[in-house]
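Okay, so here's the structure we're looking at.
Note: hydrogens, waters and symmetry copies are ignored here, and every other heavy atom, side chains too, is used. Each chain gets a letter, A, B and so on, in the order its sequence line appears, and its residues count up from 1.
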There are 2 protein chains.
Amino acid sequence: MTAESPSREARPGADGSSPHAVTLHDVARAAGVSLATASRVLNGSERKVADAFRERVQRVADELGYTPNVSAQATARGFSPVIALLVADIADPYFGQIAAGVARGADERGLVVTISITERDRDRESRILRALRGQRPQGLILAASRADGHDDATPAPSELEAFARYGGRVVAFGDRVPLGSGQTARSISLDNAGGAEQLGLRMGALGYRRVIVIGSTEGVRTSDDRIDGFTRGFTRGGGAVERILRGDFRREAGAAAMAAALADGVDAGTLVFAVSDVVALGAISAIRAAGREVGADIAVCGFDDVPASGDVTPALTTVRVPLNEAGYQAFRAVVDEDWTQDPLPLEVVVRDSTPGHSA
Amino acid sequence: MTAESPSREARPGADGSSPHAVTLHDVARAAGVSLATASRVLNGSERKVADAFRERVQRVADELGYTPNVSAQATARGFSPVIALLVADIADPYFGQIAAGVARGADERGLVVTISITERDRDRESRILRALRGQRPQGLILAASRADGHDDATPAPSELEAFARYGGRVVAFGDRVPLGSGQTARSISLDNAGGAEQLGLRMGALGYRRVIVIGSTEGVRTSDDRIDGFTRGFTRGGGAVERILRGDFRREAGAAAMAAALADGVDAGTLVFAVSDVVALGAISAIRAAGREVGADIAVCGFDDVPASGDVTPALTTVRVPLNEAGYQAFRAVVDEDWTQDPLPLEVVVRDSTPGHSA
DNA sequence: ATGAAAGCGCTAACAT
DNA sequence: ATGTTAGCGCTTTCAT
């Protein structure tokens, strides 16, 4: 259950006491200057205060432990220092890396990032978007492709448009998301198709001829692109896609899909391509659970190169995606007026989960 | 470089245009009621507005797409709906799980969580804490044990005291952190020592007699407790600690420490206990890199049971820590006036990285 | 029950 | 260069 407004009891100081925080007013008075002067030395950027005053105010502020009230500054200035990040699941390493990149950028600029989690649920996403608007963030980064797919995979344009209208910038991962008024949000695109194609090609070169693909719902761009690209490359390399199983981007989905495939029978020497490492990891566990071996028996490759992929044994063949950098770029796309995306180089990383093969 | 205040250019609407967001005033005017009335139906909790008005205001607000400006509400009310979470590294699964738990709780109460990353750097932490105070958050959750250790491992009490003084609640993972005025912050404690002791006992029962421990800096409570507990259990089980290597909680530290140990020579049949799974994963990679085998040759166990631990091969023996739940409890500790910690059950999970042994 | 008006803490003209 | 003052959008007495 999501409350529309913060619960009352949660209010601090409900116990009565709490002396309020030191205000700018306190500092000004203690330093014997006007509010304006105090504001200028403490928060205003233009330097036009006599050094004597400047120092005094600074000293008093330090002594009193003054910290500007961000909310008050935001209402007065008309804009807030927050960047809102929307992810499907922060515990998922994919989003974790992206979040780290966004946070890195935000820190450089003294901006605050708020993270919200959609759990890949459409309604939840809408509610969050609505609540987020209340923060009047400088920007909104959408890294939360949902489990469902289809044409309306992105949030209602009207909701995003509301952001754009008051000046907040919307940046989305993947899709070019429409903004209502014919505009589109800036987007961080990864060459999913290209990277997957390279991977497919390499797998073909390694001698694989049959592949089982585990993807997300049809209509989810990232999944579609990776599947299409892989198929193109693999086919060109002489292989053929045996079947495509569908789930979502979760580990469990990978395990379930793989289990289903195994139940139907999977020949030794078959390759499995999962649209993400997390899904591949799930598939691997299913393969093991079925008493089969990963590698020479059933080969597996994924996409993303999350840290865990290097730790599994056999290590997972995948496509390295600079996720942290992607997050950083998303941040830049939000704050920089003029911005053009730097290409994010994807790189195929062949490891032991896809040993050379020649059957 | 961390800017003290948000960069100017980052300001949205710098391009001039952006019509401002719909304000309560707009709604009131359009509905033909006073600001007060509009406020009461839209945001105030007490219901004392005639149904006719109530409906009308509601309708108009919907039509206009009104969303209350959180900053303005915060300045007016004197408290904000944010819970600040401080983690060392959001891409680390340990913190990722905790963050997910905190976010889950926050969502239930319609609260916003802001996440800041210390990168385990003391100065960075201080700067962040200072900036965070500006948000006047309802609460602050510290889940960022630093790399350095020693007595002053927690942030300066004065900084935390400043939070507590104005009513914000401080909740810390692990240590009982002092709050200056003799008080201590609420803390979420895990029975690290107990869990580690159980693990040590089990390892002893499995037949291990020699263990190399890889920990963080001496003085870091979590690390110390786990080491002490493990030592106690393992000793009681008949084993002995051969040596203790020190690093921090990062994967690389585990790899480096393990590499150093291997360079000195590690007998087959030796057990390695790392204070966290992430560190253990690093150790495993070093073991492999040295051409040794994990399991019968060199056994490894960790702590936390992060998802990746189940995926490595051999799967990692560890102590399961309900991290998500811990995060949720931390949230509760922040918002609930009366609060007592529910015990967080730790559970030893023996997997293939520590096969039965009898040398 | 409703509205007028005084703040909340801060910023930014506008004077001086 | 400094101070005055009118807001920012909202909440909340206090009248009516």
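- Summarising the geometry, the separation between NE2 on B/His20 and C1' on D/dC10 is reported as 14 Å, rounded to the nearest angstrom.
- In this structure, the NE2 atom of B/His25 is 12 Å from the P atom of D/dG7, given to the nearest Å.
- In this structure, B/Asp51 atom CG and C/dT2 atom P are separated by 9 Å, rounded to whole Å.
- Whole-Å rounding puts the A/Lys48 NZ to C/dT11 C1' distance at 12 Å.
- With D/dT2, D/dC10, C/dA12 as the candidates, the nucleotide lying closest to the side chain of A/Val49 is D/dT2.
- Within the 4.0 angstrom heavy-atom criterion, only backbone atoms of the sugar-phosphate kind lie near B/Ala50; the bases stay farther away.
- Across the protein-nucleic acid pair, B/Leu42 atom CG and D/dT12 atom C1' stand 16 Å apart, rounded to whole Å.
- For the pair A/Asn43 and C/dC10, the criterion of a side-chain N or O lying under 4.0 Å from OP1 or OP2 is not met.
- Across all strands, B/Thr37 comes closer than 4.0 Å only to sugar-phosphate atoms, never to a base (heavy-atom distances).
- Of the residues near DNA chain C, A/Ala76 and B/Ala76, the one whose nearest nucleotide (by heavy atom distance) lies more toward the 5' end is B/Ala76.
- Position along DNA chain C of the nearest nucleotide to B/Arg136 versus B/Leu35 favours B/Leu35 as the more 5'-ward residue.
- Phosphate proximity of C/dT11 to A/Gln73: present, with a side-chain N or O under 4.0 Å from OP1 or OP2.
- On a pure distance criterion of 3.5 Å, no polar donor-acceptor pair joins the side chain of A/Ser71 and the base of C/dG9.
- Taking a cutoff of 4.0 Å between a charged side-chain nitrogen and a carboxylate oxygen, A/Arg133 and A/Glu159 qualify as a salt bridge.
- Ionic pairing of B/Arg120 and B/Asp92 is present here: one or more N-O contacts between side-chain nitrogen and carboxylate oxygen are shorter than 4.0 angstrom.
- For B/Thr75 and D/dG9, the shortest distance from a side-chain N or O to OP1 or OP2 is not below 4.0 Å.
- Between the CG atom of A/Leu24 and the C1' atom of C/dT11 there is a distance of 10 Å, rounded to whole Å.
- You'll find that the side chain of B/Ser34 is closest to C/dA4, out of D/dT2, C/dA4, C/dT11.
- The side-chain hydrogen bond (donor to acceptor under 3.5 Å, both in side chains) test with B/Asp336 singles out one residue from B/Arg169, B/Arg109, B/Gln329, and that residue is B/Arg109.
- A salt bridge does not link B/Asp121 to B/Arg127: none of the charged nitrogens lies less than 4.0 Å from a carboxylate oxygen.
- A salt bridge is absent between A/Arg332 and A/Asp342; no separation between the charged side-chain nitrogens and carboxylate oxygens falls under 4.0 Å.
- Distances shown here put a side-chain N or O of A/Tyr66 below 4.0 Å from the OP1 or OP2 atom of C/dC10.
- Judged by distance alone, with hydrogens and angles left aside, A/Arg40 brings a side-chain donor or acceptor within reach of the base of D/dG3, the pair sitting under 3.5 Å.
- Rounded to whole Å, the distance from CG on B/Asn69 to C1' on C/dC10 is 14 Å.
- Taking atom CZ on A/Arg77 and atom P on C/dC8, their separation rounds to 20 Å, with Å as the unit.
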